[in-house]
Amino acid sequence: MATPIDVVIMAAGKGTRMKSSLPKVLHRLGGKALLAHVIECAASVSARKAVVITGHGAETVEAACHGFTQAAASPDSKLDLKFARQEPQLGTGHAVQQALPLLADDGVTLVLSGDVPLTQPATLEALIAQCDGQRLALLTLTMADPTGYGRIVRAGTEASAQVRAIVEHKDASAAQREIREIYSGIMAVPTRLLRAWLARLDNKNAQGEYYLTDIVKFAVADGVAVVAHQITDAAQVAGVNSPVQLAELERVHQSRGAVALMEQGVRLADPARLDVRGALSCGQDVEIDVNCVFEGTVTLGNGVRIGANCVIANCTIAAGAVIHPFTHIDGEKLGVEVGEGALIGPFARLRPGAKLGAEVHIGNFVEVKNATLAKGAKANHLAYLGDATVGERVNYGAGSITANYDGANKHRTVIEADVHIGSNCVLVAPVTIGAGGTVGGGSTITKSTPAGALSVARGKQVSLTNWSRPVKGSKG
Ligand code: UD1
Ligand code: MG
């Protein structure tokens with residue numbers, strides 16, 4: 001049996017430089033809170049437990065975490081999420097001390113930060129392997145400019161020399177500040193050793209804080225091996241302290257996601273002009289033009305083409321469908337389905353509960369909400385279909401509207417197969433238009449119509465022949 005992993009996630013800090021009322025770890029990257037990325041990472045290394053250390057905005061952070069575990073955790077993840085409050089915040093060592101009552105001695109503690117969102121599970125697994133249930137394993141990185149970071153002090157100048165200590169930048173001598181290998185903020189440590197070492201911390205240092213990093217010298221003094229697992233990918237350990245850094249990591253995250261899509265065969269017009277804020281899965285031969293945003297869960301079938309400037313959320317688009325430019329699709333909770341070979345847009349809007357069958361056409365300035373359109377139905381211009389059931393091959397004219405709301409309740413409109421609705425009609429729900437019927441342009445339909453009939457409900461046209469247009473200046 002491998003040693004159980006318990007994760008401690010430090011998230012008590014204020015995040016002053018974000019200049020925001022929202023706690024720092026709840027700011028979003030790729031559409032998801034920074035802390036949610038870290039919790040998912042903990043789940044993906046099969047951690048037994050995660051203890052989030054909260055302080056500033058503790059209640060808000062804790063409430064948000066319950067949301068993430070419900071929304072994000074996979075059903076097979078057994079991660080037990082707990083919280084420990086750290087008030088006041090007396091340093092990273094003091095932060096981890098708050099978690100100790102929740103940690104069992106048979107485990108390895110993996111220390112993460114709630115504001116470091118891009119660490120990859122494989123990196124943590126390698127670190128955990130280095131710890132091997134008995135060593136103190138530090139994740140380290142060599143930086144061109146290590147200013148501000150804790151330096152890895154080794155017994156000699158060779159890269160493989162024994163690690164002796166971590167010295168914080170503010171406490172470092174001029175010579176130590178020359179060291180470019182830094183501590184990333186991530187370590188794996190046997191919990192029983194961590195417990196003993198944390199009890200020995202003091203705050204006699206430049207910042208008057210209890211430094212977690214001081215445990216390295218205790219490990220050395222106790223003859224416990226200290227290993228540095230070095231990585232080269234700085235983004236994996238980069239923290240977010242400011243909106244600028246958040247935007248930088250967002251770009252890294254997006255470009256990695258874009259590369260992964262292209263490696264699967266997705267053709268992106270420009271990988272720098274794609275934003276995925278959720279999960280996008282694509283079949284073969286999918287093409288995505290520039291400036292598209294995908295949110296929530298979006299699935300694109302084989303051969304789907306997405307035009308420029310589309311925003312698409314919580315939607316399934318079947319094979320061969322084409323979404324023309326400037327289309328907005330948001331399925332929210334009910335979802336949106338677009339059938340095989342459907343043509344949507346440009347400038348179309350599909351709202352929650354829009355279920356479009358194969359070869360449906362939705363054209364410009366057409367809004368569809370909570371409506372089912374069967375195969376081959378078309379609404380090509382300036383129309384609204386809300387709370388409607390539309391049969392096969394229906395043609396729904398320009399400017400026509402389902403009046404679905406009576407001011408208090410929503411009602412359904414049923415348009416049976418092969419109906420032709422003329423332009424500028426109002427279908428006042430609840431109402432059914434019988435199969436094969438035609439509704440004359442400009443009609444306001446308040447009663448259901450028989451199959452096959454032509455229904456017209458508008459003022460009769462009159463033409464006055466003995467009428468002359470008024471002339472300017474002549475009164476009466
Ligand atoms: C820490 C390390 C430093 C390392 C750097 C990497 C220590 C003493 N130093 O420095 O060696 O190079 O990270 O980024 O650990 N936090 C709390 N409670 C506290 C203090 C901090 O929860 O009392 C949280 C912060 O919110 C943050 C994390 O711990 O998420 C790290 O704290 P921070 O102050 O950023 O650490 P550094 O001083 O940068
Ligand atoms: Mg600090």
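Computed from a predicted structure; not experimentally measured. Order of listing sets the numbers, starting from 1, for every ligand and every atom in it. Along the sequence shown, residues carry numbers from 1. In what follows, every heavy atom counts, from backbone to side chain, and hydrogens, waters and symmetry copies are set aside.
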Seminar exercise, completed: ligand 1 atoms nearer than 4.0 angstrom to some heavy atom of G150 are 3 (C), 4 (C), 11 (O), 12 (O)
Problem set entry | Atom indices of ligand 1 within 4.0 angstrom of G13 heavy atoms, with elements | 22 (O), 26 (O)
Exercise. Just which atoms of ligand 1 are under 4.0 Å from any heavy atom in S113?
Worked result: 28 (C), 30 (O)
For this session: For T213, counting its heavy atoms only, list the atoms of ligand 1 lying under 4.0 Å from any of them.
Result: 7 (C), 8 (C), 9 (N), 11 (O), 15 (O)
For this session: Under 4.0 Å, heavy atoms only, figure out whether ligand 1 is touched by the backbone of L90, its side chain, both or neither.
Result: backbone
Problem set entry | Salt bridge R305-E287, side-chain N to carboxylate O under 4.0 Å | no
Exercise. Taking atom types as modelled, is there a side-chain donor on N205 or Q207 under 3.5 Å from an acceptor on the other?
Worked result: no
Exercise. Is any N or O atom of Q207, backbone or side chain, closer than 3.5 Å to an N or O atom of ligand 1?
Worked result: no
Exercise. Under 30°, 30 to 60°, or over 60°: which ring-plane class applies to F347 and F365, parallel, tilted or perpendicular?
Worked result: parallel
For this session: Could you check whether the rings of F83 and H66 sit parallel, tilted or perpendicular, using 30° and 60° as the cut-offs?
Result: perpendicular
For this session: Could you tell me whether ligand 1 has any atom less than 4.0 Å away from a heavy atom of G91?
Result: yes
For this session: Pull out every atom of ligand 1 sitting under 4.0 Å from any heavy atom of M10, numbered as shown with elements.
Result: 22 (O), 24 (C), 29 (O), 30 (O)
For this session: Compare all side-chain heavy atoms of K410 with those of K369 and state whether any distance is below 4.5 angstrom.
Result: yes
Exercise. In ligand 1, which numbered atoms sit nearer than 4.0 Å to a non-hydrogen atom of Y211?
Worked result: 8 (C)
For this session: Inspect the surroundings of CZ in R164 and state if more than 12 heavy atoms from other residues, nucleotides or ligands are less than 6.0 Å away.
Result: no
Exercise. Do K24 and N241 meet the criterion of a side-chain donor-acceptor pair at a distance under 3.5 Å?
Worked result: yes
Exercise. Hey, is K24 touching ligand 1 through its side chain, its backbone, both or neither, going by heavy atoms under 4.0 Å?
Worked result: neither
Exercise. Around Q284, counting heavy atoms of other residues, nucleotides and ligands shown, do more than 12 lie under 6.0 Å from its CD?
Worked result: no
For this session: Using distance alone, decide if ligand 1 has a nitrogen or oxygen within less than 3.5 Å of any nitrogen or oxygen in Y149.
Result: no
For this session: Decide, yes or no, whether a salt bridge links R177 with D171 under the criterion of side-chain N to carboxylate O below 4.0 Å.
Result: no
Problem set entry | Q86 and its side chain to side chain donor-acceptor pair (under 3.5 Å) partner, picked from Q98, H56, Q97, H94 | H94
Exercise. Does ligand 1 have a heavy atom under 4.0 Å from the side chain of A12, from its backbone, from both, or from neither?
Worked result: both
Exercise. Looking only at distance, does I166 have an N or O less than 3.5 Å from an N or O of ligand 1?
Worked result: no
Seminar exercise, completed: Short version for E168: what comes under 4.0 Å of ligand 1, heavy atoms counted, is side chain
Exercise. Hey, which atoms in ligand 1 end up nearer than 4.0 Å to a heavy atom of S184?
Worked result: 6 (C), 14 (O)
